[in-house]
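Reading through the structure tokens given below for one structure.
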Amino acid sequence: MFSMVIDINECALSNKNNCSVNATCNNFVGGYNCTCKSGFNTSNGGIELLLSQCLDINECEFSSKNNCSANAICNNLVGGYMCTCKSGFNTSGGGIEYLSNQCLDINECALSNKNNCSVNATCNNLVGGYNCACKSGFNTSTGGIESLLNQCLDINECALSNKNNCSVNATCNNFVGGYNCTCKSGFNTSNGGIELLLSQCLDINECEFSSKNNCSANAICNNLVGGYMCTCKSGFNTSGGGIEYLSNQCLDINECALSNKNNCSVNATCNNLVGGYNCACKSGFNTSTGGIESLLNQCLDINECALSNKNNCSVNATCNNFVGGYNCTCKSGFNTSNGGIELLLSQCLGNKTYNKIYIVIFFFD
């Protein structure tokens, strides 16, 4: 008759190991260890311990850790990274960049929906963008590249600077025997009339007067030459993700509903705020300063057993720390009234004898 001691597979029992979600549990005879998963590492590059957790590697901080090309932006993810094409570039499939599918220049001029050049302009493709040069016989008001606010127009007497005195803020109106200059939208003269050499068309700053702009309380008014635009404040956005209009207002972004909009760790709870969010540590976790979690001050497990004011274990019990909490198991010779874990209402007491159960394995020839 023989007896055998059987190894405990701590990795098969969640309450028998302290490996974090970022580590892999490896069982061996007489114990176990926790090795970091791909994309994670400890502060010293070794095995995970309670005081040296596996944390995300920011591959984007080190060029040797990512394969993003010069045409792509590196975006760090928990446990990895991805490369998204910069503006003016794309992959053949229109998605994320890989070694086999690089971000290449978009030829905006070959696609009518990718450029804003008018019929009076020629589209010129550039690396990462394009421009619109006026065709022969056409010009912009400034004589340069066409833009949405400065189109290529037919040249007439009003387009010749030596033939009229209209400023860039005014429109020249040709008529038989002369011309006049009327202020463009967003500009005005001091007397509100036709532009003269002594009474020029000047920009109206709509942002100085609430009656002149429609920006909401969630947007910032930006004065432009000849107009204004409303850009959403941090923590707010429009439904289309662009400039605010009366029909498309800046509303609060719920960063907590979008994993790519918040940096809360698995040990913290995301709380949406008007115009932002914060990450509050879950029960059993805390930051080094005891406050809100930040990228440089993560919520880590509190070792309640190392702090007498953090656990309620009696002198007859042993404190056992685990990720996110602790429990109190009775020392040898002591037990609770129900034989389980010590609680405030069920303390470990002595002077009782309890049966021990032994598992014996018999081998017969």
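- Closest approach of Cys319 and Glu304 over heavy atoms only: SG-C, 4.5 Å.
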Give the C-alpha distance, both sets of side-chain angles, the deciding distance and a yes or no for side-chain contact (heavy atoms from CB on, under 4.5 Å) between Glu195 and Thr182. CA-CA 6 Å; Glu195 183 182 66; Thr182 54; over 6 Å; no

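- Among residues two or more places apart in sequence or in another chain, the side chain to side chain donor-acceptor pair (under 3.5 Å) test is passed with Asn124 by Asn131.
- Under the 3.5 Å distance criterion, the side-chain polar atoms of Lys331 are left unmatched by any main-chain donor or acceptor of Cys348.
- The hydrophobic cluster containing Val21 also includes Val266, under a criterion of side-chain heavy atoms closer than 4.5 Å among ILVMFWY residues, counted directly or through chains of members.
- At least one donor-acceptor pair closer than 3.5 Å links the side chain of Asn71 to the backbone N or O of Cys103.
- Judged purely by atom type and a 3.5 angstrom limit, Tyr130 uses its side chain to pair as donor or acceptor with the backbone of Asn116.
- Nearest approach of Lys212 to Tyr228, heavy atoms of both residues: O-CE2, 3.6 Å.
- Taking CG of Asn180 as the start and CG of Leu196 as the end, the distance is 10.0 Å to the nearest 0.5 Å.
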Verdict with reasoning, Cys281 to Cys299, per disulfide (SG to SG under 2.5 Å): CA-CA 6 Å; Cys281 293; Cys299 294; 2.0 Å; yes

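- Here OH of Tyr326 is found 11.0 Å from CG of Asn320. Values are rounded to the nearest 0.5 Å.
- Here the closest non-hydrogen pair linking Ser69 and Glu97 is OG-OE2, 2.6 Å.
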One pair to check against side-chain contact (heavy atoms from CB on, under 4.5 Å): Gln102 and Thr91. What are the steps and the verdict?
CA-CA 6 Å; Gln102 297 280 293; Thr91 61; over 6 Å; no

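- For the cysteines Cys221 and Cys230, the sulfur (SG) atoms lie at a distance of at least 2.5 angstrom from each other.
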- Criterion side-chain contact (heavy atoms from CB on, under 4.5 Å) on Glu293 and Cys264, from CA distance to verdict: CA-CA 7 Å; Glu293 182 183 67; Cys264 296; 4.3 Å; yes

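- Test Leu13, Ile8, Asn9 against Cys11 for side-chain contact (heavy atoms from CB on, under 4.5 Å) and you get one pass: Asn9.
- Cysteine sulfur proximity is satisfied for Cys183 and Cys201, their SG distance being under 2.5 angstrom.
- Crowding of Tyr98 atom OH: a count of heavy atoms from other residues, nucleotides or ligands under 6.0 Å not exceeding 12.
- Of all the heavy atoms in Gln53 and Ser20, the pair that sits closest is OE1-CB, 3.5 Å.
- Checking Asn191 against Thr189 by side-chain atom types alone, a donor-acceptor pair falls below 3.5 Å.
- The heavy-atom pair separating Ser239 from Asn248 by the smallest distance is OG-OD1, 2.7 Å.
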Note to self: Pair Asn169, Val225 - check side-chain contact (heavy atoms from CB on, under 4.5 Å), show working.
What the structure shows: CA-CA 9 Å; Asn169 299 333; Val225 177; 4.3 Å; yes

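- Within 6.0 Å of CD1 in Ile145 there are more than 12 heavy atoms belonging to other residues, nucleotides or ligands.
- To the nearest 0.5 Å, atom CG of residue Leu50 and atom CG of residue Asn303 are 7.0 Å apart.
- Grouping the Ile, Leu, Val, Met, Phe, Trp and Tyr side chains by contacts below 4.5 angstrom, directly or via other members, places Phe334 apart from Ile341.
- Proximity of a side-chain donor or acceptor of Asn297 to a complementary backbone N or O of Ser288 within less than 3.5 Å is detected.
- At least one donor-acceptor pair under 3.5 Å links the side chain of Asn222 to the backbone N or O of Ile220.
- Within the model, atoms SG of Cys215 and CG of Leu246 stand 9.5 Å from one another, a figure rounded to the nearest 0.5 Å.
- Residue Lys114 places its NZ atom among 12 or fewer non-hydrogen atoms of other residues, nucleotides or ligands, all under 6.0 Å distant.
- Under 3.5 Å, the side chains of Asn76 and Asp56 contain a donor-acceptor pair of N or O atoms.
- A distance of 5.5 Å separates CE of Met82 from CG of Leu77, quoted to the nearest 0.5 Å.
- The cluster map of Ile, Leu, Val, Met, Phe, Trp and Tyr, joined by side-chain heavy atoms under 4.5 Å apart, puts Val323 and Leu51 in different clusters.
- In this model, a donor atom of one side chain and an acceptor atom of the other lie less than 3.5 Å apart for Asp7 and Asn27.
- Taking a 6.0 Å sphere around CD1 of Ile243, one finds it holds more than 12 heavy atoms contributed by other residues, nucleotides or ligands.
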